[in-house]
2 protein chains.
Amino acid sequence: MSGDGTVGKALDVLDQVAEFGRPVRFGTLLEASPFPKATLYRFLQTLTNQRMLEYDAERQTYALGVRLVRLAHAAWTQSSLAPLARPHLDALSAKIGLTVHLAQLDSGQVLYIDKRNAAQPVDMYSQAGKIGPAYCTGVGKAMLAFLPDAEQARALTQQSFHVFTKQTLASKTALKAELKNIVTRGHAFDREEHEPGIICVAVPILSAGARVLGGLSITGSTKDTDYGQLDTHVPDLKSTAAAIARAAQDWRFPGADPLQQTGT
Amino acid sequence: MSGDGTVGKALDVLDQVAEFGRPVRFGTLLEASPFPKATLYRFLQTLTNQRMLEYDAERQTYALGVRLVRLAHAAWTQSSLAPLARPHLDALSAKIGLTVHLAQLDSGQVLYIDKRNAAQPVDMYSQAGKIGPAYCTGVGKAMLAFLPDAEQARALTQQSFHVFTKQTLASKTALKAELKNIVTRGHAFDREEHEPGIICVAVPILSAGARVLGGLSITGSTKDTDYGQLDTHVPDLKSTAAAIARAAQDWRFPGADPLQQTGT
DNA sequence: ATTTCAGTTCCATTATTTGGAACTCGGTTT
DNA sequence: AAACCGAGTTCCAAATAATGGAACTGAAAT
């Protein structure tokens with residue numbers, strides 16, 4: 001799919017294995033692969049040597065390797081908002097006692113990078129790294145709404161517009177209108193657009209230069225909460241988002257004047 | 001370092017960026033890189049295109065990309081013991097109320113894949129994916145001890161034998177002797193070998209075929225606990241390790257007779 | 001105006017990847 | 001027993017991509 005020479009192809013193979021979500025046999029991969037047998041075979045060999053994949057000789061299956069877990073630890077630490085945002089998430093979660101999500105946008109999709117769950121506090125790693133649709137989730141829409149026009153347009157073409165519930169906004173036009181509302185309102189709702197019974201409020205995390213750094217949301221079920229109640233949390237959400245943005249700023253320009261490089 | 005054509009080299013570059021642990025400039029990487037300027041440049045381009053790296057145009061720095069977080073989620077889910085072991089860790093941690101680590105062996109090093117921390121329960125992602133030395137930690141030694149001879153020999157050559165404390169076993173000979181004790185005893189101690197004041201007991205997680213799947217440890221500080229007290233937790237550790245091994249078995253051979261393929 | 005340096009591009013040479021076809025090895029069918 | 005099968009593996013000449021020395025750019029320092 002993505003060109004970029006040999007490396008790109010090898011990474012495509014990695015993604016493919018990841019998509020199966022379970023150890024997978026050579027033949028199965030071959031069916032789903034654009035590569036001829038010998039080529040795919042060699043890629044698998046290489047990736048296994050590199051321990052990006054692990055081969056189970058007994059079962060003859062390939063699975064993602066531990067080297068990825070190692071790399072991801074570094075990635076999560078250095079390239080996402082998560083470590084910076086953590087204390088703020090803790091505080092927010094403690095204050096309001098509902099499920100909180102922290103996400104970033106990754107090729108038009110929502111990538112959850114941290115979470116605080118009211119009921120069972122330690123469900124994190126299983127959720128961080130998870131992806132979800134942008135057009136029908138609170139965080140997704142909040143981030144899309146504040147994207148610069150060009151990026152927003154590109155992101156919109158990447159939406160699948162699968163209809164999950166009756167409330168799902170299943171067209172670009174409907175979504176665009178909603179995004180305008182979100183910008184004027186300053187926050188987004190998910191009105192059971194992704195899962196029936198699940199609603200949420202979300203705000204974007206914006207840098208001083210109004211760049212979308214990520215999104216922050218509070219989720220509840222229709223049984224336990226309603227839009228009015230979620231609305232009351234918006235100030236908390238906004239101040240947390242602002243605090244995270246500030247932390248990001250300080251970290252990116254430690255001790256220096258912020259953003260003087262963009263000014264003309 | 002690791003050959004394997006273009007893909008191997010590109011992954012080496014990735015590792016290099018990871019090692020810096022922070023966004024890093026082209027020049028800095030170049031100094032530490034075996035590749036000529038143009039070649040390194042092209043690798044960085046490719047990896048950035050592939051979103052394995054992220055380039056910050058303002059600061060001119062490269063950092064690990066979010067695609068890794070995504071892949072790692074899949075890796076953690078499908079290729080490590082962590083998801084299987086989670087309920088057992090929860091139970092163990094709840095019962096004994098001390099810090100618990102779950103680890104696997106990755107090229108002679110300890111790779112922590114899950115953790116329960118007594119005091120501050122949500123410190124997980126920051127730890128999962130972390131690596132540590134094998135020769136001077138409880139889990140490390142427990143796993144090394146039960147490795148088949150050939151693998152153990154290979155793993156021993158991969159130890160750095162850096163002296164962290166007075167107790168550190170800083171030679172292959174000393175370590176080998178200790179490993180023998182561990183096998184007969186069935187569990188390993190870390191007697192402040194890695195960090196002063198930190199002690200731990202650990203057991204290996206062994207499959208039905210006696211393959212080392214991972215390790216499990218309980219950690220405490222010399223202030224709060226002592227070897228005698230840790231010793232009392234060994235039965236709990238062992239039964240948890242056994243439970244995890246059983247879960248792994250069931251998962252690898254769902255509904256089938258275990259391990260009949262190795263018989264003869 | 002000149003130098004310096006980090007980062008980027010060019011392009012002929014070189015090395016790697018590519019994939020069709022042929023092979024191997026259990027197991028199954030005739 | 002011989003032939004067959006299909007999954008997995010290896011081979012090798014042709015096609016393609018990677019390589020890196022050198023030259024370029026643009027911004028900052030002198």
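Convention: sequence-line order gives letters A, B, ...; per-chain numbering from 1.
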Legend entry - For A:Phe161, all residues meeting ring pair (Phe, Tyr, Trp, His ring centres under 6.0 Å), sequence neighbours excluded: A:Tyr135
Inset, instruction - Starting from C1' on D:dG20, measure out to CD on B:Gln45 and report it in whole angstrom. - result: 16 Å
Inset, instruction - Would you mind reading off the distance between A:Leu40 atom CG and C:dG20 atom C1', rounded to a whole angstrom? - result: 16 Å
Inset, instruction - Please identify each residue that fulfils ring pair (Phe, Tyr, Trp, His ring centres under 6.0 Å) with A:Phe20, with sequence neighbours left out. - result: none
Protein N or O to nucleotides 16-18 of chain C N or O, pairs below 3.5 Å:
unit_1: C:dT17; atom_1: OP1; unit_2: B:Thr6; atom_2: N; d: 3.1
unit_1: C:dT18; atom_1: OP1; unit_2: A:Lys9; atom_2: NZ; d: 3.0

Inset, instruction - Please name the pair of heavy atoms, one in A:Pro87 and one in A:Leu84, separated by the smallest distance, quoted to 0.1 Å. - result: CD-O, 3.5 Å
Legend entry - d(CG, B:Asp12; P, D:dA18) in whole Å: 16 Å
Legend entry - B:Arg25 vs C:dA6: side-chain N/O to OP1/OP2 distance below 4.0 Å: no
Inset, instruction - Using a cut-off of strictly less than 4.0 Å, decide whether B:Tyr41 has a side-chain nitrogen or oxygen near OP1 or OP2 of C:dT9. - result: yes
Inset, instruction - State which residue, out of B:Leu47, B:Val17, B:Val13, fulfils the side-chain contact (heavy atoms from CB on, under 4.5 Å) condition with B:Met52. - result: B:Leu47
Legend entry - For the student: nearest non-hydrogen atoms of A:Ala75 and B:Gly65, plus distance: CB-O, 3.9 Å
Legend entry - Closest non-hydrogen atom pair, B:Ile113 against B:Ala82: CD1-N, 3.7 Å
Legend entry - For A:Met143 against A:Leu105, the heavy-atom pair lying closest together: SD-N, 3.8 Å
Inset, instruction - Classify the side chain of B:Lys37 versus the base of C:dG7 as yes if they form a donor-acceptor pair under 3.5 Å and no if they do not. - result: yes
Only distances under 3.5 Å count here; give the side-chain donor-acceptor pairs of residues 34-42 of chain A to other protein atoms, sequence neighbours excluded, each with its distance to 0.1 Å.
none

Legend entry - B:Ala18 to A:Ala74 - nearest heavy-atom pair and separation: CB-CB, 4.0 Å
Inset, instruction - From the options C:dC10, D:dT9, D:dC11, select the nucleotide whose nearest atom is closest to the side chain of B:Ala38. - result: C:dC10
Enumerate the protein-to-nucleotides 26-30 of chain D contacts in which both atoms are nitrogen or oxygen and the separation is below 3.5 Å.
none

Inset, instruction - Return the orientation label for the B:Phe164 and B:His194 ring planes: parallel under 30°, perpendicular over 60°, tilted otherwise. - result: perpendicular
Inset, instruction - For B:Asp15 and A:Arg67, run salt bridge (Lys or Arg N to Asp or Glu O under 4.0 Å): C-alpha distance rounded to whole Å, both residues' side-chain angles, the deciding distance at 0.1 Å, then the answer. - result: CA-CA 10 Å; B:Asp15 269 351; A:Arg67 184 176 178 184; 2.6 Å; yes
Inset, instruction - Grab the CD-C1' distance between A:Gln60 and C:dC25 for me, whole Å please. - result: 11 Å
Legend entry - Divergence of helical axes at both termini of the helix from C:dA1-D:dT30 to C:dT30-D:dA1 - five pairs an end, 10° steps: 10°
